[in-house]
Engineer: 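Got a structure here, written out as structure tokens. Questions coming.
Only a predicted model underlies this, so the values are computations on that prediction, with no experimental measurement involved. Scope of the values below: all heavy atoms of this structure, side chains included, with no hydrogens, waters or symmetry mates.
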Amino acid sequence: MGLGGSALQGLQSFLEGRSQLVKLGDTCTDPWPLTCGVPQGSILSPMLFNIYMKPLGEVIWSFGVRCHLYAEDTQLYYSFPPNSKEAPWILDQCLAAVLAWMRANKLKLNPDKTEVLQVSHMSDRGIGWQPVLDGVALPLKALVRSLGVLLDSSLTLEAQVSAVAGRAFAQLKLVRQLRPYLVKSDLATVVHALVTSRLDYCNSLYVGLPLKTARKLQLVQRAAARFLTGANYRERSTPLFKELHWLPFTFRTQFKVQVLTYKALNGLGRTYLSDHISPMNPHDLFVHRGRPSYRFHLRHKCGWWGQGRGPSPWRPPGSGTRFPGKLGKLPPWKCSGRA
């Protein structure tokens with residue numbers, strides 16, 4: 001990784017010379033020297049484990065497959081047209097290479113905990129691929145969880161919205177029991193910790209959702225506002241939001257994306273977001289009153305992204321546009337995603 005000198009010697013001293021034993025009551029086994037692994041609970045351990053897993057990403061990328069590594073969780077994603085004949089072979093070879101690398105590096109890949117999700121149109125039945133991992137056939141799931149977010153095969157996010165709304169209403173019901181014991185400011189703190197925090201988690205995914213789906217989360221926010229203000233359930237929610245200095249749910253999600261975009265454009269955000277945004281040539285596509293515009297580069301070779309009826313967070317709401325090349329003249333804050 002480019003480390004040397006005293007930094008490398010410090011890491012070497014941190015890892016070498018360790019042993020473990022088993023203690024049961026007053027009886028202990030003899031210490032056994034450790035030749036692999038990192039100490040649990042250490043600050044350096046997650047970083048060292050990521051360094052150890054780095055070659056796995058290179059193995060996956062060699063097949064043209066993208067990956068996302070989060071601690072011991074490895075996600076592979078590959079985009080292909082519905083009639084592709086090469087996709088099954090590439091994916092099977094990639095899975096076999098991942099299994100071989102993990103075996104060679106003292107890691108165990110559990111097929112029972114491996115899930116496969118195929119995202120496609122409802123009319124597309126896919127390529128009929130049945131993935132096999134270590135001799136175990138992996139069924140295609142209709143719903144998987146990724147870092148706490150439920151993703152379905154059509155990316156409607158209806159299951160995610162229903163799950164978040166159900167848990168938020170359950171927490172709000174419990175918080176109501178604290179009203180006789182807490183003042184309004186303390187109740188607001190509890191509501192933010194247990195209810196609105198669930199609405200804000202990954203809420204950038206909710207941009208562009210149909211109103212029918214987003215309404216479930218709007219009802220949670222309205223119920224929380226009426227609870228804190230003591231308003232009647234028939235009273236309008238807009239004055240309550242103003243009193244609490246809350247943004248309505250739909251505007252809250254848009255504000256989240258705009259803040260992330262501003263940080264990415266001004267060097268305040270993560271590099272993996274900044275790499276997808278670049279200044280746009282004024283003579284390319286359109287010019288808006290001589291001001292510089294920006295274009296989002298969606299670096300995914302997905303033939304279905306932005307072309308069908310599935311949700312696309314980069315398509316302007318109500319534009320009716322299905323293909324990024326036909327966006328035409330849009331205000332500069334609306335981006336043209338290129339799949």
Side-chain angles (χ1 to χ4, degrees), residues 1-78 89-117 130-141 143-151 193 197-198 201-202 269-275:
M1 297 297 294
L3 292 177
S6 59
L8 183 59
Q9 293 176 4
L11 291 177
Q12 183 178 1
S13 174
F14 176 74
L15 291 175
E16 289 185 348
R18 294 186 177 274
S19 60
Q20 68 178 7
L21 55 85
V22 178
K23 181 179 180 181
L24 182 60
D26 297 331
T27 306
C28 295
T29 62
D30 295 332
W32 187 265
L34 295 177
T35 59
C36 59
V38 292
Q40 185 176 1
S42 171
I43 297 176
L44 285 176
S45 296
M47 181 189 68
L48 294 175
F49 183 76
N50 289 335
I51 294 176
Y52 187 77
M53 294 288 291
K54 184 178 181 295
L56 177 60
E58 299 173 357
V59 172
I60 297 172
W61 277 76
S62 64
F63 292 90
V65 181
R66 304 295 183 93
C67 66
H68 180 267
L69 305 178
Y70 183 82
E72 77 281 3
D73 185 18
T74 304
Q75 297 183 7
L76 280 64
Y77 53 97
Y78 183 66
W89 181 85
I90 293 176
L91 293 172
D92 286 337
Q93 293 296 319
C94 183
L95 290 177
V98 169
L99 181 62
W101 185 90
M102 287 193 169
R103 284 178 173 174
N105 290 273
K106 300 180 176 63
L107 295 173
K108 179 177 176 57
L109 183 60
N110 193 347
D112 296 333
K113 295 183 179 181
T114 303
E115 298 178 327
V116 182
L117 176 70
Q130 183 68 35
V132 178
L133 182 61
D134 197 16
V136 179
L138 304 178
L140 298 179
K141 298 283 187 175
L143 196 69
V144 299
R145 184 182 298 274
S146 177
L147 299 180
V149 177
L150 293 174
L151 301 176
S197 61
R198 299 179 182 273
Y201 180 73
C202 291
R270 301 294 182 179
T271 55
Y272 61 81
L273 295 178
S274 303
D275 292 342

Engineer: Could you check whether any side-chain N or O of Ser197 sits under 3.5 Å from a backbone N or O of Ala193, counting only pairs where one atom can act as donor and the other as acceptor?
Structural biologist: yes

Engineer: Work out which heavy atom in Pro111 is nearest to a heavy atom in Leu109; give both atom names and the distance.
Structural biologist: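 Answer, listing the atom of Pro111 first, then Leu109: CD-O, 3.2 Å.
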
Engineer: Under 3.5 Å, side chain of Thr29 to main-chain N/O of Val22, donor-acceptor pair present?
Structural biologist: yes

Engineer: Quick check: do Trp61 and Arg66 have side-chain heavy atoms less than 4.5 Å from each other?
Structural biologist: yes

Engineer: For Leu107, is there any backbone N or O sitting under 3.5 Å from a side-chain donor or acceptor partner on Asn105?
Structural biologist: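 Absent.
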
Engineer: Do Met102 and Leu56 come within less than 4.5 Å of each other through their side chains, counting heavy atoms only?
Structural biologist: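 Heavy-atom side-chain distance check passes, below 4.5 Å.
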
Engineer: What closest approach, in Å, do Leu151 and Ser146 show between heavy atoms, and which atom pair accounts for it?
Structural biologist: CD1-CB, 4.1 Å

Engineer: Any chance you could lay out the side chain to side chain contact (heavy atoms under 4.5 Å, CB included) test for Leu48 and Phe14, step after step, and finish with the verdict?
Structural biologist: CA-CA 11 Å; Leu48 294 175; Phe14 176 74; 3.8 Å; yes

Engineer: Show, in sequence, the C-alpha distance, side-chain angles and deciding distance for Thr74 and Ile60, and conclude whether the side chain to side chain contact (heavy atoms under 4.5 Å, CB included) test is met.
Structural biologist: CA-CA 10 Å; Thr74 304; Ile60 297 172; 4.1 Å; yes

Engineer: Specify the closest pair of heavy atoms between Ser19 and Pro31, including all atoms of both residues, with the distance to one decimal.
Structural biologist: OG-CB, 3.9 Å

Engineer: Check whether any side-chain heavy atom of Leu140 lies under 4.5 Å from a side-chain heavy atom of Pro131, and answer yes or no.
Structural biologist: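 Answer yes - side chains close enough.
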
Engineer: Calculate, to the nearest 0.5 Å, the distance between atoms CG and OH belonging to Leu117 and Tyr77 respectively.
Structural biologist: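 Leu117 atom CG to Tyr77 atom OH measures 14.5 Å (nearest 0.5 Å).
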
Engineer: What are the two closest heavy atoms between Leu133 and Leu95, and how far apart are they?
Structural biologist: CD1-O, 4.0 Å

Engineer: State the CZ-CG distance between Arg18 and Leu34, to the nearest 0.5 angstrom.
Structural biologist: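 That separation rounds to 8.5 Å.
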
Engineer: So which atom in Glu115 and which in Arg145 form the shortest heavy-atom distance, rounded to 0.1 Å?
Structural biologist: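 Between these two residues, the closest heavy atoms are OE1-N, 4.2 Å.
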
Engineer: Find out whether Leu15 and Val38 are in side-chain contact, i.e. whether some heavy atom of one side chain is under 4.5 Å from a heavy atom of the other.
Structural biologist: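 Yes, their side chains come closer than 4.5 Å.
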
Engineer: Answer yes or no: does atom CG of Leu24 have more than 12 heavy-atom neighbours from other residues, nucleotides or ligands under 6.0 Å?
Structural biologist: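 Counting other residues, nucleotides and ligands, CG of Leu24 stays at 12 neighbours or fewer.
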
Engineer: Output, in order, the C-alpha distance, side-chain angles, deciding distance and verdict of side chain to side chain contact (heavy atoms under 4.5 Å, CB included) for Asn50 and Leu69.
Structural biologist: CA-CA 8 Å; Asn50 289 335; Leu69 305 178; over 6 Å; no

Engineer: With distance as the sole test, does Thr27 use its side chain to make a donor-acceptor pair with the main-chain N or O of Lys23 at under 3.5 Å?
Structural biologist: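 Not confirmed, Thr27 side chain does not pair with Lys23 backbone.
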
Engineer: For Gly10, does its backbone N or O pair with a side-chain atom of Ser13 as donor and acceptor, under 3.5 Å?
Structural biologist: no

Engineer: May I ask you to test the Leu11-Leu44 pair for a side-chain heavy-atom distance under 4.5 Å?
Structural biologist: yes

Engineer: For the CG atom on Leu147, are there more than 12 heavy atoms of other groups (residues, nucleotides or ligands in this structure) within a distance under 6.0 Å?
Structural biologist: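 Check passes, neighbour count above 12.
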
Engineer: Measure from the side-chain N and O atoms of Ser45 to the backbone N and O of Pro39, and report whether any donor-acceptor pair falls under 3.5 Å.
Structural biologist: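 Flag set: sc Ser45 to bb Pro39 pair under 3.5 Å.
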
Engineer: What distance separates Ile90 CD1 from Tyr78 OH, expressed to the nearest 0.5 Å?
Structural biologist: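 Ile90 CD1 to Tyr78 OH: 3.5 Å, rounded to 0.5 Å.
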
Engineer: Of all the heavy-atom pairs spanning Ser274 and Gly269, show the shortest one and how long it is.
Structural biologist: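 For Ser274 and Gly269, the tightest heavy-atom pair comes out as OG-O, 4.5 Å.
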
Engineer: Working to the nearest 0.5 Å, report the span between CD1 of Ile51 and CG of Leu3.
Structural biologist: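 Answer rounded to 0.5 Å: 6.5 Å.
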
